[in-house]
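Remember, it's 1-based here, ligands and their atoms both numbered in the order they're listed. Everything quoted here is computed from the prediction, not taken from an experiment.
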Amino acid sequence: MSSIQQKSMNAVDLTQKTFFLMSGASRGIGRTMAIECAAKMATGSVIVLIARSTAGLEETKAQILAKNPSNVTVFLLTLDLTRPSADQISSAIFDATLSERNLDEFKLAMIVHNVGSIGDVKRYAKDFSDIDELHDYYAVNVFSVVALNSEFMKRFDVQTRRLIVNITSKCSLVPFKSLTMYCSGKAAREMYFRTLALEEAERDPTLTVLNYAPGPVQTEMTHEIENNAVAFDVRAIFKGLREERTILQPIETTIKFLKVIETGDYVSGAHIDYYDN
Ligand SMILES: NC(=O)c1ccc[n+]([C@@H]2O[C@H](COP(=O)([O-])OP(=O)(O)OC[C@H]3O[C@@H](n4cnc5c(N)ncnc54)[C@H](OP(=O)(O)O)[C@@H]3O)[C@@H](O)[C@H]2O)c1
């Protein structure tokens with residue numbers, strides 16, 4: 001099979017009946033991506049939104065239903081992904097939403113691992129000695145992502161076309177001062193998805209894995225870096241992006257994201273950045 005054929009096989013059609021799960025959907029990039037993806041979906045589609053803030057999730061749901069009032073059913077799951085129990089991962093997320101439904105009805109199953117936290121940006125790498133703090137950070141940003149993804153793959157097997165998206169960052173590839181936890185967590189998380197893509201590529205043609213780096217986007221996360229990063233040159237980068245209006249808005253990166261997944265012009269497991277052509 002040529003690489004061109006392989007690449008086009010990665011395109012997804014969001015206008016089908018879709019099962020869609022978005023973590024970190026209560027604000028920022030996750031909210032906008034969920035709204036814009038849901039706007040395309042066919043009748044009978046199911047959307048699961050996860051975050052800690054019920055109010056934030058309710059607002060995302062309201063905006064989804066305002067754009068696509070009759071087609072989709074939206075389930076909200078208020079959950080702290082720091083230490084979800086195995087039961088919360090395996091039953092609450094999927095049994096609660098799918099027990100009454102036949103999984104085969106879905107033509108597309110898509111999960112977007114968007115949850116993310118920046119960690120403590122007020123310290124340098126040499127100053128992280130609190131093991132509980134480290135556990136909690138990697139639990140949200142790596143461990144729960146891996147566990148949730150594995151549950152998704154258990155539920156949806158080769159009979160369903162599946163797209164797995166990891167919202168990654170340039171920080172998975174390049175170190176930034178003050179962003180110790182964030183850079184190391186993003187690197188570990190992306191390598192998990194690259195390994196998954198490699199393992200499944202030969203035996204599972206219905207699965208596509210994408211690591212999408214959204215570029216610098218104006219959200220609470222970048223606000224925190226600009227205001228609190230211990231390294232002043234890093235603060236200045238983000239201040240400059242905001243003042244020069246070169247920082248992106250969530251809708252801009254979402255439009256690019258939709259183009260990437262609907263075109264499918266990448267090899268499964270690839271790292272695709274907002275600024276890539
Ligand atoms: N903004 C950027 O410039 C940028 C650049 C590259 C990559 N990214 C990535 O894009 C993704 C979204 O970031 P964002 O900028 O939109 O950040 P954000 O506004 O801070 O949103 C983060 C989301 O994650 C959720 N979350 C955080 N901790 C959680 C926890 N313990 N349990 C459950 N949910 C939790 C938050 O919801 P609750 O607080 O309600 O739980 C929120 O919905 C992240 O993976 C981030 O690393 C962002």
More than 12 heavy atoms of other groups within 6.0 Å of R194 CZ: no

Taking the six-membered ring for Trp, is the centroid-to-centroid distance between H113 and F193 below 6.0 Å? yes

Charged N-O contact under 4.0 Å between E59 and R31: no

For ligand 1, output the ligand-protein N/O contacts shorter than 3.5 angstrom; if there are none, return none.
unit_1	atom_1	unit_2	atom_2	d
ligand 1	1 (N)	V217	O	3.2
ligand 1	1 (N)	T219	OG1	3.2
ligand 1	3 (O)	G215	O	3.4
ligand 1	3 (O)	V217	N	2.7
ligand 1	3 (O)	V217	O	3.4
ligand 1	8 (N)	Y182	OH	3.4
ligand 1	15 (O)	T219	OG1	2.6
ligand 1	16 (O)	I29	N	2.9
ligand 1	19 (O)	R27	NE	3.1
ligand 1	20 (O)	R27	NE	3.4
ligand 1	20 (O)	R27	NH2	3.0
ligand 1	28 (N)	R52	NH2	3.2
ligand 1	31 (N)	D80	OD1	2.9
ligand 1	32 (N)	L81	N	2.8
ligand 1	37 (O)	S26	OG	2.8
ligand 1	39 (O)	R27	NH1	3.0
ligand 1	39 (O)	R52	NH2	3.0
ligand 1	40 (O)	S26	OG	2.8
ligand 1	40 (O)	R52	N	3.4
ligand 1	40 (O)	S53	N	2.9
ligand 1	41 (O)	R52	N	2.8
ligand 1	41 (O)	R52	NE	2.7
ligand 1	43 (O)	G24	O	3.1
ligand 1	43 (O)	S26	N	3.3
ligand 1	43 (O)	S26	OG	2.8
ligand 1	45 (O)	N114	O	2.7
ligand 1	45 (O)	V115	O	3.4
ligand 1	45 (O)	K186	NZ	2.9
ligand 1	47 (O)	Y182	OH	2.5
ligand 1	47 (O)	K186	NZ	2.9

Quick one: list whatever passes side-chain contact (heavy atoms from CB on, under 4.5 Å) with E151, sequence neighbours left out. I89, S90, F94, K154, R155

Can you name the side-chain contact (heavy atoms from CB on, under 4.5 Å) partners of S26, sequence neighbours left out? A51, S53, L57

Within residues 267-277 or reaching into it, pairs that qualify as side-chain hydrogen bond (donor to acceptor under 3.5 Å, both in side chains) - sequence neighbours excluded: E190-H271

